[in-house]
Enquirer: 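Sending over a structure as structure tokens; questions will come in a sec.
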Protein chains: 2
Amino acid sequence: MKPLHHPSIDTIPYTKVLHALSEPNRLRIIRCLRESGENNCSTYSLELMLNKSTVSHHIKILREAGLIKGRIEGKEHYYSLRKDEIEQKFPGLLSSVFAVKDEDL
Amino acid sequence: MKPLHHPSIDTIPYTKVLHALSEPNRLRIIRCLRESGENNCSTYSLELMLNKSTVSHHIKILREAGLIKGRIEGKEHYYSLRKDEIEQKFPGLLSSVFAVKDEDL
DNA sequence: CTTTTAGTTTGATGGTTATCGAACTATAAA
DNA sequence: TTTATAGTTCGATAACCATCAAACTAAAAG
């Protein structure tokens, strides 16, 4: 069980964050995390109707872009938004993401 | 000389806009347009050290994502930001783009 | 200990993208 | 009319990406 790596926000280019957010399923994951605070992968496999390996892939990209952080509890992985850090480094970005209407994704 | 097509902002998904902005050279073009108001392609060929066909490609993606509009004058094409429309549809997004420091792109 | 459950990793596939050079179009200049 | 200039389009290439299934890892349940 290797621990999850969470990059320092300072090392992450803005374009990398935008790229992570520019995939519709990943954007849905981020928006879902705002509502629920914390979720695990099986939640998204169900909600997005994606294979679990695909979800794992998207989660990894979001994590490496500094957008989410993970916590392992038993055999479940829980993820949450790195809200304050992102807001500190890239002010207004997450507000913009959450302001968008579902039908405009 | 077929006229340039500018899609209505209402037809453009947020993820498409993010994707257009997630490429560093395209993001530089957008940020440059904020400063200068209007520019043509040769400006960017020089500034970004890219082949003119590559610049043309990026400009097209930005235009089709609803971010810029073009005006043809003689043999030069001038581009400008669709600032107000974007701000109306996706509030805060452009502010976030302009708030980023050059070294964090 | 065996089985189930949650998730990652790997390999493959089909699609997309950034880049360039060459050919093309259209306007302006000589 | 010939030439130069600004930009688009096309074709090719190499890299990247979203997706899935299969194999793997680790923890919980039986």
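Residue numbers start from 1 in every chain, and the chains themselves are labelled A, B, ... in the order their sequence lines are given, proteins ahead of strands. Treat the numbers as computed from the prediction; the structure is a model and nothing was measured.
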Enquirer: Provide, to the nearest angstrom, the distance between the CD atom belonging to B:Glu73 and the P atom belonging to C:dA26.
Expert: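 Going from CD in B:Glu73 over to P in C:dA26 covers 19 Å.
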
Enquirer: Can you build the contact string for nucleotides 9-14 of chain C? Use B for base contact, S for sugar-phosphate-only contact, and - for no protein heavy atom under 4.0 Å.
Expert: B-----

Enquirer: Between C1' on D:dT19 and CG on A:Asn25, what's the gap in Å once rounded to a whole number?
Expert: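 The distance from CG of A:Asn25 to C1' of D:dT19 comes to 10 Å, rounded to the nearest Å.
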
Enquirer: Looking at residues at least two apart in the chain, or sitting in another chain, which of them share a side chain to side chain donor-acceptor pair (under 3.5 Å) with A:Glu85?
Expert: A:Arg82

Enquirer: Once side-chain contact (heavy atoms from CB on, under 4.5 Å) is applied, do any residues pair with A:Lys75, and if so which ones, sequence neighbours excluded?
Expert: none

Enquirer: Pairs under 3.5 angstrom only: tabulate donor-acceptor contacts from the side chains of residues 88-97 of chain B to other protein residues two or more places apart or in another chain.
Expert:
from	atom 1	to	atom 2	distance (Å)
B:Lys89	NZ	B:Ile9	O	3.3
B:Lys89	NZ	B:Asp10	O	3.4
B:Ser96	OG	A:Tyr14	OH	2.8

Enquirer: Whole Å only: how far is the CD atom of A:Glu76 from the C1' atom of D:dA26?
Expert: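 Going from CD in A:Glu76 over to C1' in D:dA26 covers 13 Å.
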
Enquirer: Quick check on contacts: within residues 14-24 of chain B, what sits under 4.0 Å from DNA chain D by heavy-atom distance?
Expert: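 Within this stretch, nothing sits under 4.0 Å of the strand.
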
Enquirer: Can you sort out the partners of B:Glu73 under salt bridge (Lys or Arg N to Asp or Glu O under 4.0 Å), two or more places apart, ordered by chain and number?
Expert: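 For B:Glu73 the salt bridge (Lys or Arg N to Asp or Glu O under 4.0 Å) partners, ignoring immediate neighbours, are B:Arg71.
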
Enquirer: How long is the line joining CZ of B:Arg26 and C1' of C:dT16, in whole Å?
Expert: 12 Å

Enquirer: Does A:Leu50 reach a base, just sugar-phosphate, or nothing at all? Heavy atoms under 4.0 Å.
Expert: sugar-phosphate

Enquirer: Applying the 4.5 Å side-chain criterion to the ILVMFWY set and letting contacts propagate, would A:Leu46 and A:Tyr44 be lumped into a single cluster?
Expert: no

Enquirer: Of all residues at least two apart in sequence or in a different chain, which pass the side chain to side chain donor-acceptor pair (under 3.5 Å) check with A:Arg34?
Expert: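 A:Arg34 satisfies side chain to side chain donor-acceptor pair (under 3.5 Å) with no other residue.
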
Enquirer: Enumerate the residue pairs fulfilling ring pair (Phe, Tyr, Trp, His ring centres under 6.0 Å) with a member in residues 59-87 of chain A, sequence neighbours excluded, ordered by first and then second residue.
Expert: none

Enquirer: Indicate every side-chain donor-acceptor pair of residues 51-62 of chain B with a distance under 3.5 Å to a residue at least two apart or in another chain.
Expert:
from	atom 1	to	atom 2	distance (Å)
B:Asn51	OD1	B:Ser53	N	2.9
B:Asn51	OD1	B:Ser53	OG	2.9
B:His58	ND1	B:Arg26	NH1	3.1

Enquirer: On DNA chain C, compare the nucleotides closest to A:Tyr78 and B:Lys75; which residue's is nearer the 5' end?
Expert: A:Tyr78

